[in-house]
Amino acid sequence: MNAIQQAVNQAAEIILGGYRAACEKGLLPKAELSAPVIEVPKDPKNGDYASSFAMQNAKALRLSPLKTAQAICENAILENTLFSEVTCAAPGFINLRLSHGWYESVLSSIIKDGCDYGKTACENPKKIMVEFVSANPTGPMHMGNARGGVLGDTLAEVLSRAGNHVCREFYVNDAGNQIDKFAHSIEARLMQEIYGEEAFVFPEDGYHGDDIKALASDYIKEHGDSIKDAPEHERLNALAEYGLNRNIPKMKSDLQRYGIVYDNWFFESQLHKGSIEETVKLLTDRGFTYENEGALWLKTSEILHANLLREGKTEEQIEKLELKDDVLRRSNGFYTYFAADIAYHRNKLSERGFDIAINIWGADHHGHVARLKGALDALGLDGEHRLEIILMQLVRLMRDGEVVRMSKRTGKAIALSDLLDEIPVDAARYFFNSRAADTHLEFDLGLAVRQDSDNPVYYVQYAHARCKSILKALSQEGIATTPVNPNFSLLTDPAEIDLIRELSKLPEEIRLAADALDPSRLNRYSSSCATAFHHFYSICRIKEAATEDLRDARISLVNCVAQVIENTLSTLGVSAPDHM
RNA sequence: GCGCCCGUAGCUCAGUAGGAUAGAGCGACCGCCUCCUAAGCGGUAGGUCGGAGGUUCGAAUCCUCUCGGGCGUGCCA
C-alpha cells in the first residue's frame, strides 16, 4: 500500500474511531452509517484530507452535521497515526492534517526504492495483453498510429508498474482483402513503369500513395522485369510478399525510433491455417450461426439482444438499435476480417491465457466493439469483462490554422517517420500522451516543429536538469551530494512541504492511471511536480542554506525530486536529461 | 433515423464514485537575474461550466429534454 492510500485509509479509521468513542459517551446516536468518503480539499487551508462524513449521515443521525463533526473531532485519537490535527468546519466538514513525520517517511521511501519508486506490488497481478497500432502493412504509418503507439506503449508501461504482467503486441494484417488490393496496386505501378502509364489501368480502389510506386520500381531494380510474364496469381503473390517484407521491417524500425518495442508481432496469416475455421465451427456448434444466400452469418443481433436485456435495456430501446447480424464467411468462401478477429481474440484469451486483452482502436471502429465482445461471449470467453477496447479519437492535423485531411489513398498523409524527422521523440511522445484517448487531439504542425519552451515537455525536463546541475555544482565544491542520515525534520518551508506532497503522489498516480486505463494523467502529474520544484528552487537556497544540516536535507530532497521526475518520465518513455 | 465521443477563460485543455471561493498552460498586461541554468519565479485581467428543467442540505459532475461539432451505422479492413 502506498503512502497516500495509507493516509486515506487511516483518515477513515480515525473518523470512525471518533464516532464510536462519541457514541460510547452518549454524545452521538448509534446508527447504520455510510462509510466516510475521504477527499483532498481544494484549499490547503482546509487540511490535507477532508471528509463530508457528518453531512453524508446527517439524516441517519438526525443531528446537525456541524455538531456531529465536533463530537467526532473531540473524540478522535491521533496518537500513533500519520496525522497531527483534526478539526471541523462549517457546514460539517472534518479536516485532517498530516504530521511532519509522514512527509519525512515519503522521502525515506523514495531514497530506499530509487528507480522502483512509483511501482506497486500487486497482490493478484493480471496477465494483460495490450495490442496497439496494428497498422495495415500496406503503407506508411500516419499520425493516428503515432498517437496510438504512444498511448499503447505508455499504458502498457503503466499497467506493468502497477504490478501486472504485460505483453505488447502488434497484429499484422498480412492476409485478406487489403493484401489483394496491395498486390494489385503494386502490380499496376510495375506494369505502368514497364509499359507506360496508359498501358495498365490502376485499380480504382487501389492504394495511390507514392510508396507503392517506389515498391514497384525497387522490385524491378532488384529482380528485373521478368515478373511481368509470370502467371497473374504467381505475380501477385510475389509482389505482395515483396511489399510486406519491405513494409513490416520499416514499421518495426519506425516504431523503435519512437521508443516502442513489441514483445510479439502476431501475423493474421497464422490464423488462416485452421484457427479461423475452428473458431467458426465452435460458434456453429454452439448454435450461433446460420447460412443465408451462400454466406455464413453470426447471430450477432440475438447475442447482443440478450446482453442488452441483462444490462437492463428495454425491448423498445433495443428495437431502436436495429441490430444486424454479421457475415463470418462470404459467399465466395473467404472468411471476413471479423471472423479472423474473433479467432485472434480467442487465441489471446483462450489459447494464450491472457486474463485481459486491451485493444487500442481508432474511434472510427467503435461500431465493432459490441459485436466482437458479443462473439467472445458466444464462445464462453466473457468478452464483456475480459476485452477492453480503448477508442481513440482521431488526430486532427492542423497546418496554418487549417485542417489537413489524412488519407492513405491520396498519399498525402503525414507519415510517422516524417514526423520524427521534424520533432524530437521526447516532444512527440509527451505531446501524444497529453490528452485522454477519448478526446480529439489537435496537432498543429507549425507548433510541433518548434523546439522552444512552448512545448511543455521541456518544462519538466528542465526541472530534472536543474536538480542534476545543482548536485554537480555542489560536488565540484567538494560537498557530499548524497548526505548520510539527512535530517528531514528541518524541511518545514511551505514550498518544501508542497514539493514533498507532490513527490508522494507518484505511486498513486500510476495506480490511478492503470485503473482508468488513462496514462495521460501522468503528463499532468509530471508538470505539477516540476512546478512545485521550480517554486521551491526560487524560494529555498540550497548552497547558502542557513545551516549545513538544512543544506544536506535540501540536497537529499533534490535527489528525491530528480528520482521522481526520472521515474515519471521513464514511464512515459521520455528521457530525463542531466543538462539542457 | 439510430449509436459512440466532445462542448468549461481569447486559444488548447484539467476537474464527473456530487462538496468549501471552478483550475492550469499558452496569449495579454505588470514585476523579478551583483544570487545553485530566466527553457525559470511572482502577480493582474479574463467564466451565465452550450441551453432548459429535475433530483439534493449542496450539481461543471447524476437524470430528462434540447442545441452545436466529430465519427460511425459494408458479404471493407
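Atoms considered below: every heavy atom in the structure, side chains included; atoms not considered: hydrogens, waters and symmetry mates. The sequence lines fix the lettering, A, B, ..., with proteins before strands; numbering per chain opens at 1.
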(request) Write out all pairs satisfying side chain to side chain donor-acceptor pair (under 3.5 Å) with one or both partners inside residues 525-535 of chain A, taking only residues at least two apart or from two chains. (result) Tyr430(A)-Ser526(A), Tyr459(A)-Thr531(A), Arg466(A)-His534(A), Glu502(A)-Ser528(A)

(request) Calculate the interatomic distance between Asp438(A) atom CG and U16(B) atom C1'; express it in whole Å. (result) 12 Å

(message) Give me each pair satisfying salt bridge (Lys or Arg N to Asp or Glu O under 4.0 Å) with a member in residues 131-152 of chain A, each pair once, sequence neighbours excluded.
(response) Glu131(A)-Lys348(A)

Could you list all N or O pairs between the protein and nucleotides 41-43 of chain B that sit under 3.5 Å apart?
unit_1	atom_1	unit_2	atom_2	d
C41(B)	OP1	Tyr459(A)	OH	2.6
C41(B)	O2'	Ser538(A)	OG	3.2
G42(B)	OP1	His535(A)	ND1	2.9

(request) May I have all residue pairs that pass salt bridge (Lys or Arg N to Asp or Glu O under 4.0 Å) and include part of residues 519-530 of chain A, sequence neighbours excluded? (result) Glu509(A)-Arg521(A)

(request) Return one dot-bracket line describing RNA chain B 5' to 3' (Watson-Crick or G-U wobble pairs, both distances under 3.5 Å; ( ) same strand, [ ] crossing, | another strand, . none). (result) (((((((..((((.....[...)))).(((((.......))))).....(((((..]....))))))))))))....

(message) Applying ring pair (Phe, Tyr, Trp, His ring centres under 6.0 Å), can you list everything that pairs with Tyr49(A), at least two apart in sequence or on another chain?
(response) none

(message) Over 60° means perpendicular and under 30° means parallel, so tell me whether Tyr207(A) and Phe182(A) are parallel, tilted or perpendicular.
(response) perpendicular

Under-3.5 Å N/O pairs linking protein and nucleotides 28-35 of chain B:
unit_1	atom_1	unit_2	atom_2	d
C35(B)	O2'	Arg541(A)	NH2	2.3

List, with names and distances, any nitrogen or oxygen atoms from the protein found under 3.5 Å away from nitrogen or oxygen atoms belonging to nucleotides 10-14 of chain B.
unit_1	atom_1	unit_2	atom_2	d
U12(B)	O2'	Arg435(A)	NH2	3.0
C13(B)	OP1	His440(A)	O	3.2
C13(B)	O2'	Arg435(A)	NH1	3.2

(message) Under 6.0 Å between ring centres: does that hold for Phe170(A) and Phe266(A)?
(response) no

(message) Using a strict heavy-atom distance below 4.0 Å, which residues from residues 54-72 of chain A are in contact with RNA chain B?
(response) Met55(A), Lys59(A)

(request) Can you sort out the partners of Tyr335(A) under ring pair (Phe, Tyr, Trp, His ring centres under 6.0 Å), two or more places apart, ordered by chain and number? (result) none

(request) Would you indicate, yes or no, if A20(B) has its OP1 or OP2 atom less than 4.0 angstrom from a side-chain nitrogen or oxygen of Asn46(A)? (result) no

(request) Return each pair, listed once, that meets salt bridge (Lys or Arg N to Asp or Glu O under 4.0 Å) where at least one residue sits in residues 54-65 of chain A; pairs must be two or more places apart or across chains. (result) none

(request) Report yes if at least one side-chain N or O of Lys324(A) is closer than 4.0 Å to OP1 or OP2 of G74(B); otherwise report no. (result) yes

Output one line per pair: protein atom, nucleotide atom from nucleotides 59-68 of chain B, and distance, for all N/O pairs under 3.5 Å.
none

